[in-house]
Amino acid sequence: MSLKKLSLTYIDEFGETCQADFNNHEYHSLMELLFDKYLQDWGDCKGRAWCGTCHIQLHSDRNLEKMDINEENTLSNITGRTKTSRLACQIPLDSNLDGIVFNILKDDAV
C-alpha cells in the first residue's frame, strides 16, 4: 500500500513561495517538518510553545486542533498577532494540512 504524498505551501520571511511535501504523521508537528527538511534556526524552544519563533499566519480557515492555553499565552505576547496566527510547533502534521497556505513571520515579530 503506497502512501499519498501530501503538500502545503508556505511563504518564507523573504516573501518566497515554497512547497513542502510530507506524509501523514511523518513528524509530530508542522514545525518539526519545516525545521528538519526546509528551514534552519527555527523553533528555539523545540516545540514547547514558549518562544513564539515558529509564529505563522494561516491564509485559510481549516479545521486544525484547537489552540491550547500555552499557545494562547505565547501568542498574546507576540507583536503582529492576528486572528489567523498560530505556532507551528502546536499544529500536528496530518492530512488536515494538505493544501494549506501560510506565512512564516520574521523573528522580529516576536
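- Under the rule for a side-chain contact (heavy atoms from CB on, under 4.5 Å), the partners of E72 that lie at least two apart in sequence or sit in another chain are M67, R81.
- Qualifying side-chain hydrogen bond (donor to acceptor under 3.5 Å, both in side chains) partners for Q57, counting only residues two or more places apart in sequence or in other chains: T82.
- In this view, E65 satisfies the salt bridge (Lys or Arg N to Asp or Glu O under 4.0 Å) rule with no residue, not counting sequence neighbours.
- What you find for S85 and G80 is that their closest heavy atoms are OG-O, 4.4 Å.
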Q | side chain to side chain contact (heavy atoms under 4.5 Å, CB included) between L58 and L64, intermediate numbers included | A | CA-CA 11 Å; L58 302 171; L64 301 180; 3.5 Å; yes
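- Looking at N23 and K5, their side chains come closer than 4.5 Å, going by heavy atoms from C-beta outward.
- A distance of 11.0 Å separates CG of D94 from OG of S29, quoted to the nearest 0.5 Å.
- When each of L30, T84, L97, I91 is checked for a side chain to side chain contact (heavy atoms under 4.5 Å, CB included) with F102, only L30 meets the rule.
- Here the straight-line distance linking atom CD of E32 with atom NZ of K46 works out to 11.0 Å at 0.5 Å rounding.
- In this structure, CG on D21 lies 5.5 Å from OG on S7, to the nearest 0.5 angstrom.
- Through direct or indirect side-chain contacts shorter than 4.5 Å among Ile, Leu, Val, Met, Phe, Trp and Tyr, F14 is connected to no other residue.
- Atom CG in L34 sits 6.0 Å away from atom OH in Y10 (nearest 0.5 Å).
- Side-chain contact between E16 and C18 is present, with at least one heavy-atom pair separated by less than 4.5 Å.
- Every salt bridge (Lys or Arg N to Asp or Glu O under 4.0 Å) that D98 has, sequence neighbours left out, goes to K4.
- For the atom pair I56 CD1 and M31 CE, the distance stands at 11.5 Å (nearest 0.5 Å).
- By the side-chain hydrogen bond (donor to acceptor under 3.5 Å, both in side chains) test, D12 is found to be paired with no residue, residues two or more places apart in sequence or in another chain being considered.
- With sequence neighbours excluded, the residues satisfying salt bridge (Lys or Arg N to Asp or Glu O under 4.0 Å) with E71 are R86.
- The hydrophobic cluster containing V101 also includes I11, under a criterion of side-chain heavy atoms closer than 4.5 Å among ILVMFWY residues, counted directly or through chains of members.
- In the displayed structure, H28 atom NE2 is contacted under 6.0 Å by at most 12 heavy atoms of other residues, nucleotides or ligands.
- With sequence neighbours left out, the side-chain contact (heavy atoms from CB on, under 4.5 Å) criterion links K37 to E26, Y27, L33.
- The side-chain hydrogen bond (donor to acceptor under 3.5 Å, both in side chains) check on H59 picks up N103, with sequence neighbours excluded.
- For the atom pair CZ (F35) and SG (C89), the distance works out to 12.5 Å, reported to the nearest 0.5 Å.
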